[in-house]
Amino acid sequence: MTSASGGADMVDWNLAVATATRLARPGPEVTRDQAREVVSELRRHALAAEEHVREFTGMRSASLLAAAATPVLVVDRPGWVRANVAGFRTIVQPLVDKLASRRSDSPGSAVLGSLGEKATGVELGAVLAFLSTKVLGQYETFAPADPLPALPGSPDTPDSPAGLFDRPRRGPGQPGPGRLLLVAPNIVQVERELDVEPHDFRLWVCLHEETHRTQFTAVPWLRDHIQSEVQSFLTETDVDAGALLERVREAIGGGFPGLGGRADGPGAGTLLEVVQSPVQREILGRITAVMSLLEGHADVVMDGVGPAVVPSVAEIREKFQQRRAQGASRLDLVLRRLLGMDAKLRQYQDGAVFVRNVVDRVGMTEFNRVWTSPNTLPTKDEIHNPASWVARVIG
């Protein structure tokens, strides 16, 4: 399989999909009828969750067209992989263009580039194979305009009937607003591991994910703002290998943790932080703040709505928090740290504390002023100091 760009990409995207699909562990064992029932119930819960979230938050879609343009799709693991690979391909295009412009015109560059694309495709596929077993749901902010071809039937359920799961597809030339993905095999697997009431757990998950959908359909500028920040971050990427190596060396000398240095030195942080420029760190700080807000807000809403519609919400939250914190195994913990999933967990925690604190101080209506414009979003410092955001925005 070759890259659809004919060598201009830095990743063989098709190979990434094929690798992830091949490596992903099979989902829980269910019969065909059970699979149909799960998919059907998730669709019903997603529809019901929409009104619950709107009533609790007071947020309404900017228009009926905005809500209709962001569908809810129930997918299996290969479907989630396809959607994310296509999304990655869309969002990293500025970096791909930058790399392509710097490639040497020497006779061997095309061959080396092709080999690099395939190696990166396999690496990305391996990462996605792991993540495809962890994600319960996801609001896909950057749905692609030109996705990869559809995959064959799912390996996640025995004798999976064609058409059981939605296939994330969008034809060439069509816009890509956003869409909500619910990963049915993973939801079933977690509800069994936690030994919680399945119907309650499925609605609880839908409440969280529907909150994300509501955030983007009710706040028209939010998607463009995040996309602009991500594109700016990628545009600032230094593709010079020598410069990156020098930063790593400086970080090691300054105390990069885990490499024999001091944990509080100037280079302390993650490897991702080490290879960033000062401008990128600034941009990433803003992205981290808004993502913490979005994730924390969704957690607060799912628990706030929960008692009225999810009878066992307290038990579910307690067991789910323990699972989040512990991980499934030592290997799982290592992979989570390498892939930045620990940072994601902190976003949930920090964002939820911020939202609860502000709502307790000023109420939900005043809290919703956070959605007024990019200027009313909390900064990274304000996420940890909600009172400063209230003073700046509410007065």
Side-chain angles (χ1 to χ4, degrees), residues 53-54 57-63 65-67 69-70 87 90-95 138-143 175-180 210-237 272-273 276-301 343-344 346-359 361-395:
V53 170
R54 288 176 179 178
T57 63
M59 300 173 70
R60 299 277 169 177
S61 297
S63 69
L65 288 177
T70 56
T90 300
I91 199 64
V92 302
Q93 195 57 49
L95 182 57
Q138 170 189 348
Y139 183 81
E140 191 188 6
T141 312
F142 308 110
R179 54 195 177 192
L180 180 60
E210 178 56 38
T211 302
H212 288 316
R213 183 166 174 260
T214 299
Q215 290 163 348
F216 284 91
T217 58
V219 187
W221 54 265
L222 184 58
R223 177 184 182 275
D224 289 342
H225 171 69
I226 293 177
Q227 182 175 26
S228 175
E229 294 281 47
V230 172
Q231 300 287 19
S232 297
F233 181 89
L234 292 175
T235 301
E236 288 290 330
T237 299
L272 178 62
E273 292 169 342
Q276 290 165 13
S277 68
V279 173
Q280 282 182 308
R281 291 192 189 100
E282 206 173 298
I283 297 171
L284 188 61
R286 296 196 297 268
I287 295 174
T288 299
V290 70
M291 296 311 296
S292 296
L293 169 69
L294 298 180
E295 296 295 358
H297 183 239
D299 257 19
V300 170
V301 171
K344 182 78 167 177
R346 287 194 296 274
Q347 286 179 0
Y348 284 103
Q349 296 168 337
D350 296 343
V353 170
F354 171 84
V355 174
R356 289 193 177 96
N357 191 293
V358 173
V359 172
R361 287 169 179 261
V362 300
M364 184 65 75
T365 300
E366 288 296 287
F367 165 80
N368 281 342
R369 290 172 66 175
V370 77
W371 312 114
T372 304
S373 76
N375 292 330
T376 57
L377 292 172
T379 65
K380 190 175 181 181
D381 289 338
E382 287 171 341
I383 284 289
H384 300 282
N385 186 5
S388 63
W389 180 88
V390 171
R392 178 174 68 87
V393 177
I394 306 300

> Between Val301 and Thr214, does a side chain to side chain contact (heavy atoms under 4.5 Å, CB included) hold up when you go through it step by step?
Replying inline: CA-CA 11 Å; Val301 171; Thr214 299; over 6 Å; no

> What ring-ring contact (aromatic ring centres under 6.0 Å, His included) pairs are there with at least one residue in residues 373-395, not counting sequence neighbours?
Replying inline: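 The answer is Phe354-Trp389.
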
Looking only at non-hydrogen atoms, find the nearest pair between [X] and [Y] and report the distance.
X: Trp221; Y: Thr372; answer: NE1-O, 3.3 Å
X: Pro378; Y: Ala289; answer: O-CB, 3.3 Å
X: Ala298; Y: Thr211; answer: CA-CG2, 3.7 Å
X: Ile383; Y: Ser292; answer: CD1-CB, 4.2 Å
X: Lys380; Y: Gly285; answer: CB-O, 3.7 Å
X: Phe367; Y: His297; answer: CE2-CD2, 3.6 Å

Please round to the nearest 0.5 Å and tell me the distance separating atom [atom1] of [X] and atom [atom2] of [Y].
X: Arg392; Y: Asn385; atom1: CZ; atom2: CG; answer: 11.5 Å
X: Arg54; Y: Arg60; atom1: CZ; atom2: CZ; answer: 6.0 Å
X: Arg286; Y: Thr379; atom1: CZ; atom2: OG1; answer: 11.0 Å
X: Phe216; Y: Thr141; atom1: CZ; atom2: OG1; answer: 4.0 Å
X: Asp299; Y: Leu294; atom1: CG; atom2: CG; answer: 12.0 Å
X: Met291; Y: Asp350; atom1: CE; atom2: CG; answer: 13.5 Å

Are the side chains of [Y] and [X] in contact, using a 4.5 Å heavy-atom criterion?
X: Val393; Y: Val370; result: no
X: Ile226; Y: Ile287; result: no
X: Met59; Y: Val219; result: yes
X: Val290; Y: Glu229; result: no

>> Could you walk me through whether Ile394 and Val358 satisfy the side chain to side chain contact (heavy atoms under 4.5 Å, CB included) test, starting with their C-alpha distance in whole Å, then the side-chain angles of each, then the deciding distance to 0.1 Å, before giving a yes or no?
In response: CA-CA 10 Å; Ile394 306 300; Val358 173; 5.8 Å; no

>> Can you tell me if Gln227 has over 12 outside heavy atoms packed within less than 6.0 Å of its CD?
In response: yes

> Are any side-chain N or O atoms of Ser228 and backbone N or O atoms of His225, one a donor and one an acceptor, separated by less than 3.5 Å?
Replying inline: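 Pair absent, no side-chain N/O of Ser228 close to backbone of His225.
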
>> Quick one, Val359 with Val300, criterion side chain to side chain contact (heavy atoms under 4.5 Å, CB included). Give me CA distance, side-chain angles, the key distance, then yes/no.
In response: CA-CA 10 Å; Val359 172; Val300 170; 5.7 Å; no

>> Run the ring-ring contact (aromatic ring centres under 6.0 Å, His included) test against His212 and tell me which residues pass, sequence neighbours left out.
In response: His208

